[in-house]
Structure formats: C-alpha cells, structure tokens
Amino acid sequence: MARPAHDRARHPADPERSIAALVNRLHDALGPEVEGFGTALRTDPPVSIRINPAKWRNAPETDPVPWCAHGRYLAERPAFTFDPLLHAGAYYVQEAASMLIEQAVQASGLADERILALDLCAAPGGKSTHLRDLLHPDALLVSNEVNGERRSVLKENLWKWGAANVLITGAAPERFGRLEGLFDLVLVDAPCSGEGMVRKDPHALRQWSPSLVEQCTTVQRAVLAQAWNCLRPGGHLIYSTCTWEIGENEARIKELVDDGGEVIAIPSDSASGILATSHLGIAALRCYPHRLRGEGFVLSLLRKPGDRGTMGVMPQEPAHQGTELAWLRPTRSWRTIEQGDELFAIDGSWVRTIETLQRSLSVVSPGIPLAERKAGSWRPHAGLALAQDLDLDRHLILDLDLDQAIDLLRGQSIGAREATGTALATYRGIPLSWLQGAGNRWNNRWPAPWRIRSARPSAPPVSWST
Ligand code: SAM
C-alpha cells in the first residue's frame with residue numbers, strides 16, 4: 001500500500017536497520033524466540049513451488065511442503081523465467097506458508113461440494129490457482145482483482161493454470177457487498193503492511209510505519225464488511241494476511257465475531273512449526289520464518305451465522321453445439337459466452353449465476369478462453385492452448401526442445417521444412433501455444449504481453465525440472 005509522504009523521511013532505508021526495528025517490535029510477542037526470529041530474517045528465504053497436478057503428472061516428489069499436497073521446496077532458485085514449464089502453467093512459484101489456505105479450505109468442509117466461491121483480492125493469483133484446485137471440479141470460483149494492472153497478471157496466471165469454471169472479475173468490494181448472501185466461501189487475502197515478506201522484499205519493511213498499519217486496518221475493515229455481506233448465511237470466510245500485526249488480523253476478525261461470526265479452529269500439525277494462537281480470543285494459525293520454512297503468514301477461518309441450506313440445483317442450459325466447443329473434451333455440459341471479440345466456455349449449470357454477476361460487475365473472463373475473432377471468424381484462443389480441458393487429439397502436436405520453446409516464448413518463429421495449418425506446440429508434452437503454418441516456418445501465437453524480454457543466462461536455466 002502507498003505510504004504517506006510525511007512517513008517516508010522517518011523510514012529506515014537500510015534493510016539491517018529495518019530488520020532490527022521489526023525484531024524490536026516483536027520482542028515482547030515472541031519472548032525467548034525473538035533471537036532465532038532475527039537470525040532467520042537475515043537468511044535467504046526458501047524457494048517453493050506448487051505443482052499443477054492436472055498438467056505436470058511426473059513432477060518431482062521430493063521435499064514436500066508439509067501442509068500442501070502439491071507444494072515442493074527447491075534446493076535453489078532456478079532461472080524460472082527460462083523454464084517453459086512455468087509458462088505452460090505446470091507449476092506456480094509460491095511462498096510456502098501461504099499454501100496454508102489448503103488447511104482452511106479442508107476445515108471449512110466445503111471442498112467436496114458444488115459451491116460458489118469468491119477470491120476477493122486475488123492478484124497475482126497464487127491463492128486463486130490453489131483454491132481452484134482445492135474445490136470440487138463443479139464448483140465455480142470467482143477470482144476478483146480491483147487493480148487493472150494486477151488484474152492482467154491475474155488473468156495471465158489463471159489462463160496458464162488452465163482450469164475450468166473460473167470467472168475473472170474486476171470490481172471494488174462494494175460491488176460484491178451488494179450481492180447479498182450469494183457466495184458459499186469467500187477468501188480475503190487482504191492488502192496488508194507486509195511485515196512477513198521482509199526477507200523476500202526488503203522494500204516491504206522500508207514501507208512499514210504505524211500509520212501504514214492504520215491505513216491497512218481501515219482498508220481491511222471495509223473489504224471484510226463487503227465480504228461478509230456477500231457471504232451466504234452458514235458460509236465460510238477465510239481471512240489471511242502476510243503481516244503479524246494483531247490489528248490487521250485477529251482484531252479485524254473479532255469485529256465479525258461481534259457480529260455473530262463463529263471462529264473455527266483450523267487443525268494443524270504443531271511439528272510443522274505452525275503456531276496455533278488465540279489473540280483477543282480469536283483462533284488463528286501463525287507462521288514465522290524461524291519456526292518453519294516459509295515467510296510470515298496469518299490465517300483464520302470464520303463461519304457466518306445461519307443455515308446455508310442446500311445449494312439450489314441450477315437448471316442445466318442446453319449445450320451450445322458450435323464447432324468451437326469441439327476443441328474441448330466433453331467433460332461437462334459446456335456453454336459459450338461471447339464477449340467482444342472473444343468466446344468463452346463455461347459449465348452450462350453456472351450460466352444463470354454468471355448472468356447475475358455480469359449485471360452487477362465487470363466480468364473480464366467468463367470461463368475458459370475458447371476462441372478469438374480473426375477476420376470475421378473464430379480461431380482457437382491463445383488461452384485455449386493452455387486449458388486443461390483442451391482436446392489434444394484434434395490437433396497436430398509439435399513437441400519443442402528447450403531452445404525452440406524459449407524462442408517461442410520470446411515471440412520468434414520456429415523453422416520448419418513444411419508448415420501448414422495450425423499446430424499445438426508442447427514442451428515435454430505440456431501444451432504451450434498455437435503455431436500458424438507459413439510454408440517454411442511456424443509463426444508464433446504466444447501473446448505478446450507474455451513474451452520473455454530479458455537476456456538468457458549462460459548457465460543451464462532449470463536443472464531441477466529437466
Ligand atoms: N491473493 C493474492 C495471491 O495469493 O496471489 C495476493 C493478494 S495481495 C495480498 C492483496 C490484493 O488486494 C492486491 O492485489 C491489491 O491490488 C488488492 N487490493 C488493494 N486494495 C484493495 C481494496 N481496497 N479492495 C480490494 N482489493 C484491494
């Protein structure tokens with residue numbers, strides 16, 4: 001969050017002074033552990049990824065993150081940018097502690113139901129891609145980001161992840177607040193003062209000030225009020241931040257408890273280093289870098305009073321029979337939604353809900369990007385190449401080697417003896433992009449904004465995934 005100008009002058013610019021100030025602030029809260037905390041802050045953060053099980057079936061099994069089925073630690077930080085698997089959505093680079101939302105979703109008891117879920121503060125998409133995997137395949141996830149630039153990154157990451165039944169929206173929380181009682185599950189991963197990210201981003205601490213905490217508190221209170229409104233009675237709210245301030249965590253949840261909310265303790269394995277705490281009487285899980293291999297993270301789960309009832313079975317819409325839908329495997333009763341020059345595919349049973357949302361707020365991606373209009377007709381959407389439901393049997397497949405894949409990701413064409421029609425480029429069997437035949441080369445359809453622009457390092461880019 002932005003910091004008022006008058007604070008800037010007082011801020012320690014030197015990371016060491018910033019760390020010392022944070023250690024000082026947490027001295028009483030951590031007691032005898034404070035020394036270990038300070039030492040941990042002065043070491044490199046661990047590197048972790050979360051695997052996309054729908055795409056990368058032979059992913060490394062080693063060094064699992066204990067609280068996340070598909071979380072893995074890596075021994076070192078590879079040149080991720082030059083790994084085509086990252087661009088193909090085979091994994092997401094994610095801080096390990098934040099994968100803890102998996103435990104909250106399980107504790108909510110909603111993972112096996114066809115629910116309507118909302119990630120209200122979703123960019124860049126770490127938790128949305130995770131949440132989508134944790135929910136029932138028939139559930140619909142609405143992934144929202146209010147900031148336009150960050151929303152583009154969210155869209156890129158969700159399209160690359162490639163899961164069905166994801167709606168990307170760009171609305172202020174107030175818009176959702178008006179949709180009273182609509183969602184069964186709401187995740188608020190709130191903007192916060194970011195203490196817990198200091199190892200990853202030294203600027204996070206340079207920005208810290210009591211007035212920043214106050215500013216964040218105001219935003220969090222407002223966002224939570226809207227999240228609470230759009231939550232169905234009996235529904236669950238997951239609240240998380242990457243800061244240890246009680247004012248940004250338990251104090252915010254306490255206001256909802258005063259409004260009738262019931263805090264649900266999230267079971268955790270104390271051997272993993274996660275701390276189950278109860279500040280202000282609010283059960284939370286807290287992560288500290290000296291106790292586990294991860295950064296700062298605080299998580300609570302809350303149930304809204306009332307009976308959720310049974311989710312009404314939505315009338316099934318007849319499946320659209322257009323030829324474009326044949327590009328998808330017939331895994332569900334697909335329906336198309338046309339928006340400008342793009343065509344999207346969604347599970348027909350959610351069409352009514354999507355229409356309700358479209359009337360109230362800006363929906364930027366209603367489902368799988370299926371087709372884009374080119375010279376008056378539909379051609380496969382660049383995002384479709386990355387969709388988990390793409391029917392691979394219908395396309396000519398060209399499996400690229402590492403150099404070719406990197407050329408493609410840089411926006412270059414791929415040389416060929418004879419190239420006609422459309423082909424699907426894969427890397428290690430995982431789809432990446434459409435190629436358009438142009439005689440003696442394949443022209444590239446990798447979206448220009450996603451291209452790799454930095455210089456390629458001379459060392460082998462990714463040793464752990466090859
Ligand atoms: N959940 C994301 C993830 O796991 O990748 C990280 C979310 S980040 C901690 C908080 C997000 O809240 C940011 O993307 C920010 O743009 C958004 N945000 C900031 N102010 C907001 C507000 N007043 N209402 C809603 N969202 C806001």
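Remember, it's 1-based here, ligands and their atoms both numbered in the order they're listed.
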Open item on the list: Quick check on contacts: which atoms of ligand 1 are under 4.0 angstrom from a heavy atom of Ala190?
Closed with: 9 (C)
Task: Within-cut-off N or O pair, Asp189 and ligand 1, under 3.5 Å - done: yes
Open item on the list: Considering both backbone and side-chain atoms of Glu145, is one of its nitrogen or oxygen atoms within less than 3.5 Å of a nitrogen or oxygen in ligand 1?
Closed with: yes
TODO: State, without any angle test, whether Arg252 and Gln220 hold a side-chain donor-acceptor pair at a distance under 3.5 Å.
DONE: no
TODO: Establish, from distance only, whether the side-chain atoms of Thr129 and Arg50 form a donor-acceptor pair under 3.5 Å.
DONE: yes
Task: Electrostatic pair Glu95-Arg199, nearest N-O below 4.0 angstrom - done: no
Open item on the list: Is there a polar contact between ligand 1 and Gly126, counting only N or O atoms under 3.5 Å apart?
Closed with: yes
Open item on the list: Please report whether ligand 1 has a polar contact with Tyr92, defined as an N or O pair separated by less than 3.5 Å (distance criterion only).
Closed with: no
Open item on the list: Checking side-chain contact (heavy atoms from CB on, under 4.5 Å) between Leu432 and each of Leu424, Leu85, Thr426, Leu409, which is the one that passes?
Closed with: Leu409
Task: Proximity winner for atom 21 (C) of ligand 1, if only heavy atoms of Pro191, Ser240, Cys192, Ala123 are counted - done: Pro191
- [ ] For ligand 1, indicate whether the residue Arg150 contacts it via side chain, backbone, both or neither (heavy-atom separation under 4.0 Å).
- [x] side chain
Open item on the list: I'd like to check which ligand 1 atoms, numbered from 1 as shown, lie under 4.0 Å from a non-hydrogen atom of Pro173.
Closed with: 24 (N), 25 (C)
- [ ] Could you list which atoms of ligand 1 come closer than 4.0 Å to a heavy atom of Val219?
- [x] 23 (N)
Open item on the list: So if I count the atoms of ligand 1 from 1 in the order they appear, which ones are less than 4.0 Å from some heavy atom of Gly125?
Closed with: 3 (C), 5 (O)
TODO: Measure Ala122 to ligand 1 on non-hydrogen atoms and call it side chain, backbone, both or neither using the 4.0 Å cut-off.
DONE: backbone
Task: Modelled atom types, side-chain donor and acceptor of Thr243 and Thr241, under 3.5 Å - done: no
Task: Donor + acceptor pair across side chains of Ser143, Asp119 (<3.5 Å) - done: no
TODO: May I ask you to check whether Ser193 and Glu245 show a side-chain donor-acceptor distance below 3.5 Å?
DONE: no
TODO: Mark up the atoms of ligand 1 that fall under 4.0 Å of a heavy atom belonging to Val146, in ascending order.
DONE: 25 (C), 26 (N), 27 (C)
Open item on the list: Less than 4.0 angstrom from a charged side-chain N to a carboxylate O is my criterion; do Arg72 and Asp63 meet it?
Closed with: no
